[in-house]
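In what follows, chains are A, B, ... by sequence order, proteins preceding strands, each numbered from 1. Only this structure's heavy atoms are used, side chains among them; waters, hydrogens and symmetry mates stay out. Everything numeric here is computed off the predicted structure, so don't read it as measured data.
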2 protein chains.
Amino acid sequence: MFNAVGIMMDQSGGKSFVNAKQVAELAGVSRSAVSRAFTPGASISEEKRRRIVMAAEQLGYHVNHLARGLMGVPSGIVCIVVSELDTPYQSRLVRRLVEQLQAEGRIAVVLAASVAASSLQAALTRALNYRAEATVVLSGSPSQSIVRTCVESGQRLLLINRDDRMEGTYNLRTDNEMAARTALHAFLRAGCRRLAVVTSQARTPSLVAREEAFRAAADGEGLDVRVWAQGPTGYASGLAGAKALLAGRDRPDAVFCVTDLLACGFMDGARQSFGLRVPQEICVIGFDDIDQAEWEAYRLTTFRPPLDEMVRQVVDLVVMPNGSLDVSRESLLEPTFVWRSSVRPAHAEA
Amino acid sequence: MFNAVGIMMDQSGGKSFVNAKQVAELAGVSRSAVSRAFTPGASISEEKRRRIVMAAEQLGYHVNHLARGLMGVPSGIVCIVVSELDTPYQSRLVRRLVEQLQAEGRIAVVLAASVAASSLQAALTRALNYRAEATVVLSGSPSQSIVRTCVESGQRLLLINRDDRMEGTYNLRTDNEMAARTALHAFLRAGCRRLAVVTSQARTPSLVAREEAFRAAADGEGLDVRVWAQGPTGYASGLAGAKALLAGRDRPDAVFCVTDLLACGFMDGARQSFGLRVPQEICVIGFDDIDQAEWEAYRLTTFRPPLDEMVRQVVDLVVMPNGSLDVSRESLLEPTFVWRSSVRPAHAEA
DNA sequence: ACAGAATTTGCACACGCGTGCATTACGCAG
DNA sequence: CTGCGTAATGCACGCGTGTGCAAATTCTGT
């Protein structure tokens, strides 16, 4: 029944977990003492705690967080819902979130919202089943009903980069409108007049906001904007966009790509298929400041979302106790304009 | 105390969770009935189940998986330990794993092993605390002691791409040796003779294996190999490697980069700083087949790990019941050689 | 040495759930 | 109507833990 180190075997041949009672028996103390030994701030003598910890180590005992979460104690579980984890921007954000949440003693459950349409619903249900303290949604449109379920259950729902504000959720978004205006003015100062936007078929709120703000700003200057919006939000669409936009006469001399991946694809297309030089013959601005934007092959002028600040706010909202957090249900973060070499400097006008 | 839909408020103002007892009261049945209503195959009349489900929906009731996991029922939690989630290769692998595990009804907890050296130890401890069914390690070297603890607790430990096999773990790795030999022969057929390897300071087992296998294969042909190994495993190191290796006289004409990111950096360095053309003047081979390897700017010849097969085997090992899984504690997967444009074809010898 | 304060300890309960077991209700043939 | 087999139901227990409360122990000051 017991092996050399005292691990109990169950009938199926696998090993079962050691519980506090067994540790108590080995250490010759009550089970409560074991519980207190692993509870910071509990009243227990140092000598007894040492003996208990030693016994626990010998048996391979670990506090069962499931049972702990059964009581009033918060579970420490935070869900992160993400659809395209293999994207440079998303993966970086998730990494930072996981690290910081972990530093705060939380544990991050990553849920994929990509498989089916109802998958997010199922994922959030699972999150509820595990008594997650909060859920961070990086993508997908949660249905109104599931959101209500979450909020009513005391779940905090943090929506990142989604412009559709909903009742009872905390919204974090970057200032897409400001970025679009900044991009336009950078183009104008570089002497560009034939504007274009490259975006994707996916009507993600952030991307739509960037496109529309850019068009509105250009409209304010009396300038026209050609728009290319096809395929998914990735490199391939940018490449295809270049081939489409640059094929005809009167090709654009300034292109705002709503995503860095689109921008990389566009630049490659402009160079390979049309022999254009960036920024001499065509200027490009992206958004996200992914790693590749800094690569020598691109040196892309783009907007860097304030990742540190975003992560900090998310972690704060998660960690914050239940009282007094309704103060700011929404916050708008300013991206930084990162000037590299894909736009002509102002003084070098045509 | 109760609001319109019957959600109980706790004293702190947040909502507390609904339990089976409350559902039972509303539906006018016993608590056991509620439990059975949500247990597939339990003995309960269809009419009563409908009434219970309706009451549960009205109250926003969700089965508490923590309490369920308290009993013999497996927790359904799988831990994924990863150090560099914002890397193209890792993020893609994690995404696939999360999706497939989710499809099998498991929930994936992502643990960051990057912060501190002892962080992996802490991560595995947390995994044990939550009674994870299995832990998939994509990086870092777990200490022998913590591995024993995991295995003795019935945790399955799956190590991916780590050559150090340990007692009681399941190992999945790709055939780095074969890949290195294939790369060498591709270089030789292209007429290259001045070989080099670009790797990083990190002594990750896979990377070391690729480097050493390449050197061994070259040695078998009587050829020398210059090695550059500095900095982390990323684009910047590849760029620096190019500047260092190509600066002197007698520059290499074939470079095996142990990672695609290194290869991208190297290609950019070779082009920007030395005006070299790939593959006419220098051939490059990478490893991982990340998205960027297919980009027009690189069109990198590289090795594609069999991701589908890897994920399938991991999921199989996780899902498999406790009996009869010691059959294959290790499996070696063959990467595919992806031929693009960064190596001269065989017939175009110098 | 002794009272009183301060600390430590153990008992017992609660948390939310699944389930074995005894009991009841039901359907059906004789 | 009776007997019997089957489906449905409710009671009570156990899972592993944290904690209030009272009892027990140690410490402190005079």
Worksheet item: In chain order, what residues pass the side chain to side chain contact (heavy atoms under 4.5 Å, CB included) check against B:S30, with sequence neighbours excluded?
Response: B:S32, B:A33
Item to complete: Name all residues meeting the side chain to side chain contact (heavy atoms under 4.5 Å, CB included) criterion together with B:T39; count only those two or more places apart in sequence or in a different chain, and write none if there are none.
Response: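 Result, side chain to side chain contact (heavy atoms under 4.5 Å, CB included) vs B:T39: B:S35, B:A42.
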Pairs: protein N or O with nucleotides 7-10 of chain D N or O, under 3.5 Å:
residue, atom, partner, partner atom, Å
D:dT9, OP1, B:K48, NZ, 3.0
D:dT9, OP2, B:S45, N, 3.3
D:dT9, O5', B:K48, NZ, 3.3
D:dG10, OP2, B:S30, N, 3.4
D:dG10, OP2, B:S30, OG, 2.9
D:dG10, N7, B:R36, NH2, 2.9
D:dG10, O6, B:R36, NH2, 2.8

Base, sugar-phosphate, or nothing for [X], non-hydrogen atoms under 4.0 angstrom?
| X | answer |
| --- | --- |
| B:Y61 | sugar-phosphate |
| A:H62 | sugar-phosphate |
| A:V34 | nothing |

Could you state the atom-to-atom distance from [atom1] of [X] to [atom2] of [N] in whole Å?
| X | N | atom1 | atom2 | value |
| --- | --- | --- | --- | --- |
| B:L70 | D:dG16 | CG | P | 7 Å |
| A:K21 | D:dG18 | NZ | P | 17 Å |
| A:M71 | D:dT19 | CE | P | 7 Å |
| B:L66 | D:dT17 | CG | P | 14 Å |

Fill in: Residue list, side chain to side chain donor-acceptor pair (under 3.5 Å) with B:S91, at least two apart or on another chain
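B:S91: no side chain to side chain donor-acceptor pair (under 3.5 Å) contacts found.
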Response to the item:
Per side-chain contact (heavy atoms from CB on, under 4.5 Å), B:Q100 is matched among B:V311, B:V319, B:D316 by B:V311
Worksheet item: Between the two end axes of the helix from C:dA1-D:dT30 to C:dG30-D:dC1, each built from 5 base pairs, what angle do you get to the nearest 10°?
Response: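 If I round to tens, the end axes sit 30° apart.
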Once salt bridge (Lys or Arg N to Asp or Glu O under 4.0 Å) is applied, do any residues pair with [X], and if so which ones, sequence neighbours excluded?
| X | answer |
| --- | --- |
| A:R92 | A:D291 |
| B:E133 | B:R106 |
| A:R31 | none |
| A:E309 | A:R312 |

Distance-only check: which donor-acceptor pairs under 3.5 Å involve side-chain atoms of residues 61-76 of chain A, not counting sequence neighbours?
residue, atom, partner, partner atom, Å
A:N64, OD1, A:L66, N, 2.9
A:N64, OD1, A:A67, N, 3.4
A:S75, OG, A:I77, N, 3.2
A:S75, OG, A:R131, O, 2.6

Might you list the N or O atoms of the protein lying below 3.5 Å from N or O atoms in nucleotides 22-26 of chain D, with each pair's distance?
none

Heavy-atom pair with the smallest gap, counting every atom of [X] and [Y]:
| X | Y | answer |
| --- | --- | --- |
| A:V82 | A:V110 | CG1-CG1, 3.9 Å |
| B:R156 | B:V318 | NH1-O, 3.2 Å |
| A:L101 | A:V315 | CD2-CG2, 4.1 Å |

Practice prompt. Please find the earliest and latest nucleotides of DNA chain C, in the 5' to 3' direction, that have an atom within less than 4.0 Å of any heavy atom of chain A.
Written response: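 Result: C:dT8 to C:dG16.
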Discussion item. Can a side-chain donor-acceptor contact be found between A:Y89 and A:N161 if the only test is distance below 3.5 angstrom?
Written reply: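 A pair is found: one side chain offers a donor N or O, the other an acceptor, under 3.5 Å apart.
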